[in-house]
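Small disclaimer: the values here were computed from a predicted structure and weren't measured. We're numbering straight along the sequence, starting at 1.
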Amino acid sequence: MSTQNRGEGRRVTVLGLRNMKARGERIAALTAYDYLFARLVDDAGTDVILVGDSLAHVVLGLDTTLPISLDDMIYHARAVRRGVNRALVVVDMPFLSYQVSVEEAMRNAGRVLKESGANAVKVEGGTRERAETVASLTQAGIPVMGHLGFTPQSVNALGGNRVQGRDVEGRTRMLEDALRLEAAGAFSIVLELVPGDLASEISQELRIPTIGIGAGAGCDGQVLVLHDMLGLNRDFEPRFLRRFADLGTLAESAVRDYVRAVREGEYPTAEHTFG
Ligand code: KIV
């Protein structure tokens with residue numbers, strides 16, 4: 001799609017996503033963290049753009065998502081929002097911005113929507129306390145996406161990046177958490193690193209759409225980290241990932257050509273010079 005076609009199609013809404021599930025249409029989601037990539041991702045027809053706190057890894061080179069601040073998320077969300085005409089923009093609430101109290105969660109999620117122009121926030125976990133927070137946020141008009149399975153902000157408690165819900169107790173808990181988040185008003189739930197049969201079961205039990213990452217084909221949609229699927233993050237090769245391009249190699253090769261051309265006096269030439 002050329003930039004002339006930007007904004008084609010109706011804006012994606014939380015209700016629209018639920019209708020997509022009801023019609024059996026699959027939802028395509030990707031992350032973005034800046035204006036130009038957000039434009040590309042939106043122009044290509046992605047339904048949901050997540051300003052994920054995975055920016056800790058792929059933008060900032062950090063080991064975990066824990067150090068990211070609310071101001072960091074708002075800064076990136078504003079840039080993304082400027083590049084998006086159609087997709088629903090969802091912003092990750094960072095670690096400890098929503099866990100301390102419902103009041104703090106309300107204030108912080110309100111800041112995200114007011115200061116970035118994004119459409120919704122995402123929070124991790126499905127305990128009773130989390131469901132209370134989700135209910136308060138949705139009642140205040142702040143749409144919330146849930147996130148179950150491997151929840152990166154709990155990486156220390158979970159003992160690493162592991163598939164969750166492998167035993168009976170874990171399966172039961174995840175299904176209960178998903179139902180609780182739906183009852184609290186969440187409009188969608190990300191399922192990360194979840195066995196395929198469990199993700200399918202949860203997806204069938206819920207009326208709201210599930211968005212999988214490392215959760216198989218039974219979810220209502222799929223999300224990937226943009227830099228991973230474009231092949232820019234060359235060290236990251238989990239089983240669930242398909243690289244749709246090898247931009248890392250392409251970018252490095254372009255930079256090598258540039259360095260050589262500058263060193264050899266092949267660039268710039270008269271053609272690139274003002275008279
Ligand atoms: O931070 C993120 O990008 C995410 C996705 C992996 C779902 O939470």
Side-chain angles (χ1 to χ4, degrees), residues 29 31 33 50-70 72-73 76 90-106 108-109 112 120-137 144-184 186-196 198-199 202 206 208 210-216 219 223-225 228 233 236 238-241:
T31 65
Y33 316 102
L50 172 66
V51 186
D53 57 2
S54 53
L55 70 87
H57 305 299
V58 296
V59 178
L60 300 177
L62 296 166
D63 287 339
T64 75
T65 58
L66 275 60
I68 296 297
S69 71
L70 190 68
D72 293 333
M73 293 310 300
H76 286 274
V90 182
V91 181
D92 255 332
M93 294 295 292
F95 181 56
L96 288 194
S97 68
Y98 58 95
Q99 293 95 333
V100 176
S101 69
V102 173
E103 288 72 22
E104 261 191 57
M106 294 276 276
N108 290 334
V112 170
V121 297
K122 175 163 81 59
V123 302
E124 297 182 4
T127 58
R128 283 180 206 291
E129 291 75 19
R130 193 59 28 77
E132 256 178 56
T133 301
V134 170
S136 297
L137 292 174
V144 184
M145 176 180 265
H147 185 154
L148 298 174
F150 173 66
T151 44
Q153 292 173 13
S154 303
V155 62
N156 291 310
L158 296 173
N161 294 24
R162 290 166 194 280
V163 175
Q164 302 294 310
R166 282 203 190 279
D167 57 5
V168 176
E169 197 193 325
R171 291 178 71 95
T172 309
R173 190 168 350 107
M174 205 183 302
L175 179 56
E176 282 171 5
D177 287 355
L179 290 167
R180 193 181 291 126
L181 287 175
E182 178 175 77
F187 72 87
S188 172
I189 300 177
V190 166
L191 298 177
E192 180 166 359
L193 300 187
V194 175
L198 175 58
I202 293 174
L206 298 182
I208 57 171
T210 58
I211 311 286
I213 174 165
C219 293
V223 62
L224 284 176
V225 168
D228 298 343
N233 188 9
F236 188 62
R239 175 176 172 164
F240 66 79
L241 178 64

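In summary, the side chains of Q153 and D92 do not present any donor paired with an acceptor at a separation below 3.5 Å, with no hydrogens or angles considered.
Here the OG-CD distance, from S188 to E182, works out to 10.5 Å after rounding to the nearest 0.5 Å. To the nearest 0.5 Å, atoms OG (S154) and CD (Q99) are separated by 7.5 Å. Distance check, rounded to the nearest 0.5 Å: CD of E129 to OH of Y98 gives 13.0 Å. Atom CG of L70 is separated from atom OG of S97 by 5.5 Å, given to the nearest 0.5 angstrom.
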Step-by-step side chain to side chain contact (heavy atoms under 4.5 Å, CB included) determination, V225 to N233: CA-CA 10 Å; V225 168; N233 188 9; 5.9 Å; no

Stepwise side chain to side chain contact (heavy atoms under 4.5 Å, CB included) test for F187 and V90: CA-CA 11 Å; F187 72 87; V90 182; 4.2 Å; yes

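In terms of heavy atoms, A186 sits closest to G146 at CB-N, 4.4 Å. In plain terms, the two heavy atoms of V100 and L96 that are nearest each other are CG2-O, 4.0 Å. Minimum heavy-atom separation, G165 to P195: O-CG, 3.6 Å. Here the shortest heavy-atom pairing between A199 and A215 reads CB-O, 3.2 Å.
The side-chain heavy atoms of F95 and E124, taken from C-beta on, include no pair separated by under 4.5 Å. For the pair I68 and L60, the minimum side-chain heavy-atom distance is below 4.5 Å. Counting heavy atoms from C-beta on, the side chains of L55 and M73 come closer than 4.5 Å. Taking 4.5 Å as the limit, every side-chain heavy atom of T172 sits out of range of all side-chain heavy atoms of E169. Counting heavy atoms from C-beta on, the side chains of I202 and T210 come closer than 4.5 Å. Side-chain contact between H76 and V59 is present, with at least one heavy-atom pair separated by less than 4.5 Å. Taking 4.5 Å as the limit, every side-chain heavy atom of L148 sits out of range of all side-chain heavy atoms of V194. With contacts defined as side-chain heavy-atom distances shorter than 4.5 Å, the pair L137/M106 qualifies.
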Kindly list each side-chain donor-acceptor pair under 3.5 angstrom involving residues 173-181, sequence neighbours excluded, with atom names and distances?
unit_1: D177; atom_1: OD1; unit_2: R180; atom_2: NH1; d: 2.9
unit_1: R180; atom_1: NH1; unit_2: G126; atom_2: O; d: 2.6

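Annotation: D167, atom CG; neighbour count of heavy atoms from other residues, nucleotides and ligands within 6.0 Å is above 12.
For the pair H57 (side chain) and L62 (backbone), a donor-acceptor distance under 3.5 Å is present. Of the possible donor and acceptor atoms, one in the side chain of R162 sits under 3.5 Å from a partner among the backbone N and O of G159. D53 places no side-chain N or O within donor-acceptor distance of the main-chain N or O of T65, the cut-off being under 3.5 Å.
With sequence neighbours excluded, the residues that form a ring-ring contact (aromatic ring centres under 6.0 Å, His included) with Y33 are H227. Partners of F150 according to the side chain to side chain contact (heavy atoms under 4.5 Å, CB included) rule, which considers only residues two or more places apart in sequence or in another chain, are P152, V155, L158, N161, Q164, E192, L193.
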